[in-house]
Amino acid sequence: MPQTLGLIGSGMIGSSVARLAVAAGLEVVLSNSRGPETLADLVAELGGRARAATPAEAAGAADLVVAAIPLKAYELLPAEALAGKTVLDTANYYPERDGHLAELDAGELTSSALMQRHLAGSQVVKAFNNITPHQLFTLARPAGAPDRSALPIAGDDAEAKTEAARLLDVLGYDAVDIGTLAASWRSEPNTPVYIRPYLGETPAMSVEAFLRWTLQTPGIVVPAARVGKLVETAVRQPAGEARLPSDD
């Protein structure tokens, strides 16, 4: 089990992962694209187990790394510093935000496979991409709890997926292995396991209003068996049609 978790990207998902990690007793090294000084408030909130660094420093200090960045920024990940590391990829492909990427639109690659190609010396595992930030935090439960939820993971390396599953367990979730990075589309936007099972029916609204609404919603427990069934029913849709969770 990692003792130090590195975060590259400390926005909403990254901050939720960091809070769960600190609560679980892990050391956390936070980073973002704007510089360590911009993370002072979050570090102060998290306490003595957290510190801020550059992305390369966070990668070097960590036993395990979570890349919680928009997909459009994947080429900014420090590939050399991340070599030999397991990297958990939380990104989803939203063309309206990321711009159209021909290989993803054509279904030739998944977004995580694209990231794996950039991080050729690392082992990428898709994780934390199908749940909203507030629900990620509020639905976490101890191992063995009857109301424990699960999250899907995907990757090409069995040992890396084992590492990812151990981290999820420590943070409060069971892991459901849905296959390789080529199969990671099964947890991406427009699939049955994406966001809605953890929230229920959501009203149509802007992205900003949606995120505010999720803060008032504790979330719905989604156990491992349910995640498995939802993943099995997924039908691949054109990735280029994915929209941010708002009025879809």
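Values in this document were obtained by computation on a predicted structure and should not be read as measured data. The first residue of the sequence shown is numbered 1, and numbering continues consecutively from there.
- Both Val176 and Leu151 are part of a single hydrophobic cluster, where members link through side-chain heavy atoms under 4.5 Å apart.
- Taking OH from Tyr173 and CG from Leu136, the interatomic distance works out to 4.5 Å, rounded to the nearest 0.5 Å.
- Evaluated for a side chain to side chain donor-acceptor pair (under 3.5 Å) with Lys126, the options Ser112, Ser187, Ser184 yield exactly one hit, Ser112.
- With rounding to the nearest 0.5 Å, the separation of CG in Asp63 from CD in Glu27 is 10.5 Å.
- A salt bridge does not link Glu75 to Arg117: none of the charged nitrogens lies less than 4.0 Å from a carboxylate oxygen.
- Expressed to the nearest 0.5 Å, how far CG of Leu181 lies from CG of Asp156 amounts to 4.0 Å.
- Note: the hydrophobic cluster containing Leu20 does not contain Ile8 (ILVMFWY, side chain heavy atoms under 4.5 Å, direct or indirect links).
- Listed by chain and number, the residues in a salt bridge (Lys or Arg N to Asp or Glu O under 4.0 Å) with Asp147 are Arg141 (sequence neighbours excluded).
- In summary, Arg186 and Glu232 do not engage in a salt bridge, as defined by a charged side-chain N under 4.0 Å from a carboxylate O.
- Every residue meeting the side-chain contact (heavy atoms from CB on, under 4.5 Å) condition with Ala143, not counting sequence neighbours, appears here in chain and number order: Arg148, Asp169.
- Taken to the nearest 0.5 Å, the CZ atom of Arg196 stands 12.0 Å off from the CD1 atom of Ile220.
- Hydrophobic clustering (side-chain heavy atoms under 4.5 Å, transitive across Ile, Leu, Val, Met, Phe, Trp, Tyr) keeps Val231 apart from Trp185.
- The list of ring-ring contact (aromatic ring centres under 6.0 Å, His included) pairs with a residue in residues 113-139, not counting sequence neighbours, reads Tyr74-His118.
- Here the side chains of Leu101 and Leu114 are in contact, with some heavy-atom distance below 4.5 Å.
- Residue Glu37 qualifies as enclosed at atom CD: its count of foreign heavy atoms under 6.0 Å is above 12.
- Salt-bridge check for Arg19 with Glu45: passed, with a basic side-chain N closer than 4.0 Å to an acidic carboxylate O.
- In this structure, CG on Asn130 lies 10.5 Å from CD on Glu188, to the nearest 0.5 angstrom.
- The closest side-chain heavy-atom distance from Leu104 to Ser111 is below 4.5 Å.
- Once rounded to the nearest 0.5 Å, the distance linking CG of Asn129 with CG of Asn92 reads 4.5 Å.
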